[in-house]
Amino acid sequence: MSGESTELLAMYEQMAVIRRTEKAAYDLFLAGLVKGTTHLASGHEAVAVGASFALRPDDYVFATYRGHHHAIARGATPEACLAELMQKATGLCKGKGGSMHLTWAPGNMLGSYAIVGAHLPIAVGAAWSAHLRGTSQVAVAFFGDGATNIGAFHEALNLASIWKLPVIFVCENNFYMEYTAIGSVTAADHPAADRAPAYRIPAKIIDGNDVIVVRDTVAEAAARARAGEGPTVIEAETYRHYGHSRTDPAKYRPAEEVERWLKHDPIDVARARLEALGVTPETIKSIDERADAIVAAAIDAAKNAPAADVREALTDVWADGGSAWRT
Amino acid sequence: MSGESTELLAMYEQMAVIRRTEKAAYDLFLAGLVKGTTHLASGHEAVAVGASFALRPDDYVFATYRGHHHAIARGATPEACLAELMQKATGLCKGKGGSMHLTWAPGNMLGSYAIVGAHLPIAVGAAWSAHLRGTSQVAVAFFGDGATNIGAFHEALNLASIWKLPVIFVCENNFYMEYTAIGSVTAADHPAADRAPAYRIPAKIIDGNDVIVVRDTVAEAAARARAGEGPTVIEAETYRHYGHSRTDPAKYRPAEEVERWLKHDPIDVARARLEALGVTPETIKSIDERADAIVAAAIDAAKNAPAADVREALTDVWADGGSAWRT
Amino acid sequence: MAETEIITYREAVAEGIAREMRRDPTVVCLGEDIAAAEGVFKTTVGLLKEFGPRRVWDTPISEQAIVGAAMGAAMTGMRPVAEIMFSDFFAVCWDYVANEIPKARYMTGGQVTVPLVLRTANGGGLGFGAQHSQAVENWALTIPGLKIVAPSTPADVIGLMAASIRSDDPVIFCEHKGLFASKGPKPPEGHVVELGKANIVREGSDVTIVALAATVPTALTAAERLAAEGVSAEVIDLRCLIPMDLTTVLTSVGKTSRLITVEENPHQGGWGATLVSVVVDEGFQLLDAPVKRVASENVPLPFADTLEEAVIPTVDKVVAAVKAVVNF
Amino acid sequence: MAETEIITYREAVAEGIAREMRRDPTVVCLGEDIAAAEGVFKTTVGLLKEFGPRRVWDTPISEQAIVGAAMGAAMTGMRPVAEIMFSDFFAVCWDYVANEIPKARYMTGGQVTVPLVLRTANGGGLGFGAQHSQAVENWALTIPGLKIVAPSTPADVIGLMAASIRSDDPVIFCEHKGLFASKGPKPPEGHVVELGKANIVREGSDVTIVALAATVPTALTAAERLAAEGVSAEVIDLRCLIPMDLTTVLTSVGKTSRLITVEENPHQGGWGATLVSVVVDEGFQLLDAPVKRVASENVPLPFADTLEEAVIPTVDKVVAAVKAVVNF
Ligand SMILES: Cc1ncc(C[n+]2csc(CCOP(=O)(O)OP(=O)(O)O)c2C)c(N)n1
Ligand SMILES: Cc1ncc(C[n+]2csc(CCOP(=O)(O)OP(=O)(O)O)c2C)c(N)n1
Ligand SMILES: [Mg+2]
Ligand SMILES: [Mg+2]
C-alpha cells in the first residue's frame, strides 16, 4: 500500500473507532449507565482525525464539551473515555470531569471546555507559551459555529493576530447551536471564516467531512504557524448525526437537510477515497471489525471498572493534590 | 444669516462651551477642587455636538467615562457637570457618579460607562426597546478606539445587525487607549470601520473634527435607522488635547503628531466654515464671549453650591429611593 | 378546580412569565433557544406561540449582548425577562450583573431605573459537572443593588415571578435545576409573593434550619427524620437572599436558640455566612449552641453522582449538624 | 543597609515581580499599559527595561484574552503574571476567574496545573466611583480553587508576591489602591511570606480585630485610639483569604473572647461573614460578646469623598464596634 493509503487507512480506523465509541455512549446513556449529559460527535470525526494527523504529538489541542472525538484522536483510549462517562475510577478524569470535560494531557489534549468560546483565548495562551519557549509547537482550538458570536472569540482572534501566534482556530460548523440554526442569529454567512478578515487572519472554508481535506488544510496552517506567520481560521463544514445532547431528536432540522448530510458521512467519504486508492473492501472490512472489537472491549472494560472513588471528591483542587482552604 | 449659518453658529457655541468647561475641569482639578479622576474631551467636541444636532431630543445617547461633551451636547448644563465633578449636591448625579458617570436623563443621555465597551450592548437594548415600542427613536453609542477589542463590541454589533436595530455606533478614534497606541494592539487599520463588514454593517470613516461632517454622517445613519435599515458604524477620527486622564502629560505621543492635530482643532475648523459662510469675526467673538460668560458663571455657581449631602450615601439603590437590603 | 390543579416547577416558570406577559405588554423575553425551542429546560413552553416573535426572542450565544440589551431596554420603558441558560454562564456577562445593572440607579443619583429579571437554571445534583452545576446566588449576594430570588415550589415560582417582573428593581431569579420535575399546587391567577418574606415551612422548637431553593426539601426531609428522633426542627424557606428576611430568622432563633443554615453554595463565601454573621451580632444572646452551616465543600463540583453527593448538602449532613448543635 | 531601605507599596509591586523574573525565566507579564507606560499605577516600573518585550507584554483592552492567554500559558510551562488594571474589571473576564482557572485541575482529575498570578488594583477610598473602587476579594472567595492574597505593607507585597508567583496554584493578588503611596522597609532578597499565615500586627487582650489590606492600618489606628481609652485590641492582618488562617484567629479569640472583622467588602457577602461563621461554630464557647462586622454599606460606591467615607470602614466605625462588644 502507498504511504497515502496507509495513512488514510489509519485515519479511517480512528474515525471508525470514534463512531463506535459515540454509538456506545448513546446506547449506554439510554441504558442509564451514562449519566449527566453527553454531546456526541458522530458526523464530526473527520475534523478531529484529519487535524490530528496533521499535527505533532506535542502540539496542543483544546476542544468543547463536544470533544470525545478530539480526545480519542489525540490518543485517549475509548475505554478511558467511556469509563469517564460511566463515572468510573479509571475514567480519563477519575470521574470528576465527565463527558463535557474530557482531557488527555499525555496527548497534549488540554481539555474540553463547557463554556462556549472560553477555550479560544486559552489556546492563544498555549500558542503564546510555545512562542516564548521557542518550541515551534502549535495550538489548535476546535469550536462550534455558535461560539463565533461570543466575545471571547473576538478577543482571541485579535490577540492571536497582533502577536502572530502559532494557533489554528478550527470552527466545526455544523449549522446549529443547540436547537437554533446559526444563520438565524449571525450576521455572516460563514460565521468564522467571514469574520477572519476583520482580524487580518487568513481563512479557509472546507469540507469538514473529508478527512484528507481537513488534514491538508490543517497541515498548511500548522506550517504557516511554525514559520512564524501567525494564526489561521479554518471553517470545517460538518454535521452532527445525533441531536445536540443526550436524546435530543433534533426535530428542528429539515429532513431533507439531514438526509443530504447523512449521505455525505465522513466515514463513507474516507471509504470511497480508500477504494479509489485501490484498498480492497476486505481490508476495510477488517478495519471495521477491529474497530468493533476495540470498542466492544472498551465498553466491557469500562463497565467492569470500579466506580469513581468518593474520596476523590476532595482531591486535586491544589497542586499539592488536596483541597485544604484554611490553615 | 442662512439656516445653515445659524445652525453652525449654534454648534460652534456648544463646542466653545464644552471646551471651556473642560478647561475649567482641568484647572479645578489642579486646584484640588475636582477630585478622583477626569477624562477630558477637549478636541472631541465636534463628535458630540455634530451628532447631537443630527438627533431628535428623544433619541438615546450612551457615552464613556470621557463623556462630559456628550452630557453638555444633550442639554446638561456646564454648572451641573462641574458641580458633579466638585462633589456638590447640585451635581448631575448628586455627587454620586462623578466625572466618569455623567448622566442626563431629561436629555435621554443615559449614562457614561466606565467599563470599556460595556455600553454598546446597552445601547443596542435601548434601540431594541425603541423598535418594540415603535417610537422610531434611535440609540447612539459613543466609544473609543480601544473599545473595539473587547468582547462586548463584537456581541453588540452582531445582535444589532441581525435584529436590524436603530443604533449608531460612533467610534471616537483618537488613536490611543490610555497610553498605548491603538495600532500597536489592533489587527485592523480602522479598528471600528474595518470590523463592521464582519457584521454586515455599513461603516464610514470621517473627520471627527469637522462638526458638519459629523452632523451629516450621523443624520444619514439616523435616517437609515428610522427607516428600519439597521445599524451603522461611524469611525470619527479625532484627537484629545489633554492626556488620557487627570494630569497625564501624554508624553507617549509624537510631538509632530500632536502639533498636526492641534492645527486641526474642531473649533478652528468650525470657525473657518463660519467665516466661509460669511459670518463675521465679531459675531464669532460675541459667541466666544458668551461661552466664556456661561462657563465662568457655571464655575462660580458650582463652587458656591452646597456639598453633596452625606445622607445620599444610602439612597437611590432601589426604585423606592432607599437601600434596605433586609426585612 | 384551579386550586387543586397540580403543576411542575418547570411548568410554573413558563406559567409565571405568561401571566405577567398577559398583564403587561412591556414584558418581553430573550435568551438562547427560548422561543422556537421553548427553552432547553422547557421553561418557556408556549410563550412564542401565545405572544409571538415580537415578545419572545431567540438570541445568539452572546450573554453580554443578551443582558446588556435587557438593561438598555429596561432603562427605556420595557420590562425584559432575560434567560441565562445555566447560572454558571453569568460569568461571561458578569460585568452587567455586577457593575452595570445594579449600579446604574445609584451612580446616576436616581435618574434611571432598571426593571428587569435575569432568570437562570441554577444549582447541582444532576451530574452536569463543574461548569454547569454551580449554585451562584452567592455571587449575586456580593453585589449591592440586586434582588435575589430562589423559589422552592411551583407556587412560589409563580408568585415570586410575578413580584420580580413587577419589581422596578433588577432581580436575579434562580430556578433550581434539581426542582424542575417537582410538583405542587398551581396557585390562582393574581398570586403574588412579596419579595423578602421568608416562609416558615415547618414549625418547630428545638432548632431553626434556614434553607433556600433545593435545600428546602432537603431540610424538610431532615426535619422529618429528626422528628422521629424527638428533635423538633423549624424550617424556614428564605425564598430571597435580598431582601433577606432576618426578622423571621431572628424571631425563630429566639424560639429555638439554635441555628443551622443549609446552602448549596460552597462554604467559603456562601450566603449562610452573611445570615449567620447577623444573627451572632444581633441575636447573640438568643443562641445556646454553636451555629453550623451545612454547605457545599470548597471544591469545584465533580461529575460523578457519588462524588457530587459528597460535595453538596444532603439530608444526612443536615441531620448530623442538627444533632451536633442540639446535643451541645 | 538593605534592611533599612524604605520603599513604597507601589514600588514593592514592581520589585516583587522583578525579583521573581530574575529567578525564573518562565515568569512573564502581560496587561494593559504595563510595558512601555510602566503601568497606570506605576506598579510595573522598570520591568520592560530590565526584561525586554519578550517577557513584558502590552495588550489590547481584552481582559478575557489577557486572562485566558495567561491560563493557556500557565498550563504549558510558563508562570504568567497578568494585570487586571482595576479589580472591578474582573467582571469582564469573570468566566476565566470563576469557571476556567480554578476548576481546570479538579475537572481533569489533576492532569493540569495553572500556576499564574492575576494582579489587580483593588479597593476604594480614592473617589473613583462605583466602577473603579470595589474591593472584590470576596468575589474570588465564592470560588473554590483560587488562592487570594491581599498585602498591607510593602514588605508583604514582596514576600507574598514571591510566594504567589512560586505557587503552583492560581493566585488572585489584590494590590490596594489606597496603599500604593504608603511606605515601609524593603525586605532583603529572598524574602518570602508563606501563603495562609496571618500576621498579628498588634497584640492585645480585650478584643480581636481581623483586618485585610487597607483595613489593617484602619484597625491599627483604631487600636491606638482604643488603647488610650484602656481597651487592648489585638489586630490580625489576615494577609490571605485563601488559605484562611483560622488557627491564628481562633487562638486570638481564645485569648480575647471578642471578635470584630474589618472588611472593605459590602456587608452582604463580605469575607468576614465566612470567617465569623467558622468562629461561631468552632469557637462558640470562646465568645463572650456578639461578633460585629465593620464592613462597607450595602450600596455601590459613591464618588464624593464624604459619601464614600460614609460607606467604607473608618477608624470611627471600628472604634464604635469595639466599644459595643467590649461594653457588652
Ligand atoms: C457561554 C455559554 N452560553 C451558552 C451555553 C449553552 N450551550 C452549550 S452548547 C450550545 C450550543 C453551541 O453551539 P456550537 O458552538 O455551534 O457548537 P455545537 O454544539 O454545535 O458543536 C449552547 C448554547 C454554554 N455552554 N456556554
Ligand atoms: C474593561 C476595561 N478595561 C480597562 C479599562 C481601563 N481603561 C480606561 S480608559 C482606557 C482606554 C480606553 O481607550 P479608548 O477606548 O480608545 O477611549 P479613550 O480613552 O481614548 O477615549 C482603559 C484601558 C476599563 N475602564 N475597562
Ligand atoms: Mg454548531
Ligand atoms: Mg482612544
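We name chains A, B, ... by the order of the sequence lines, and we start the count at 1 in each one.
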Is the number of heavy atoms from other residues, nucleotides or ligands under 6.0 Å of D/Lys317 NZ greater than 12? yes

Roughly how far apart are B/Glu178 CD and D/Asp58 CG, rounded to 0.5 Å? 11.5 Å

At a 4.5 Å cut-off on heavy atoms, which part of D/Leu126 comes close to chain B: side chain, backbone, both, or neither? backbone

Tell me, out of B/Gly97, B/Ser184, B/Ser245, who's got the most heavy-atom pairs with chain D below 4.5 Å. B/Gly97

In Å, rounded to the nearest 0.5 Å, how long is the span from CD of B/Gln87 to CD of D/Glu308? 9.0 Å

Short side-chain to backbone donor-acceptor contact, D/Ser62 and B/Ile150, under 3.5 Å: no

Who passes ring pair (Phe, Tyr, Trp, His ring centres under 6.0 Å) against D/Phe173, sequence neighbours left out? none

Report which part of B/Val116 has an atom under 4.5 Å of a heavy atom belonging to chain D: side chain, backbone, both, or neither. side chain

Go through the atoms of D/Val40 and report whether side chain, backbone, both or neither lie under 4.5 Å from a heavy atom of chain B. both

Pairwise distance CZ(D/Phe303) to OG(B/Ser99) - rounded to 0.5 angstrom: 7.5 Å

Top of D/Gly127, D/Ser133, D/Pro302, D/Ala304 for chain B proximity - count of heavy-atom pairs under 4.5 angstrom: D/Ala304

Of the non-hydrogen atoms in D/Ile61 and B/Met177, which two are nearest, and what is the gap between them? CG1-SD, 3.6 Å

Find the one option among D/Gln268, D/Glu297, D/His132 whose heavy-atom pairs under 4.5 Å with chain B are most numerous. D/His132

Who in residues 313-327 of chain B is close to chain D, using a strict under-4.5 Å heavy-atom cut-off? B/Ala313, B/Leu314, B/Val317, B/Ser323, B/Trp325

Which of residues 32-41 of chain B have a heavy atom under 4.5 Å from any heavy atom of chain D? B/Lys35, B/Gly36, B/Thr37

Nearest non-hydrogen partners of D/Val92 and B/Ile115, listed with the distance: CG1-CG2, 3.6 Å

D/Phe128 versus chain B, heavy atoms under 4.5 Å apart: side chain, backbone, both or neither? both

Below 4.5 Å from any heavy atom of chain D, which atoms of B/Tyr252 appear? Answer side chain, backbone, both or neither. neither

Part of D/Val299 lying under 4.5 Å from any heavy atom of chain B: both

I need the B/Asn149 CG to D/Gln64 CD distance, nearest 0.5 Å. 12.5 Å

Name the member of B/Gly146, B/Gly91, B/Ala307 that forms the most heavy-atom pairs with chain D at distances under 4.5 Å. B/Gly146

Side chain to side chain donor-acceptor pair (under 3.5 Å) contacts touching residues 299-309 of chain B (sequence neighbours left out): B/Asp309-B/Arg311

Looking only at heavy atoms, what is the nearest atom pair of B/Ala308 and D/Leu307, with distance? CB-CD1, 3.8 Å

When you compare the side chain of D/Glu32 with that of B/Thr180, does any pair of heavy atoms fall below 4.5 Å? no

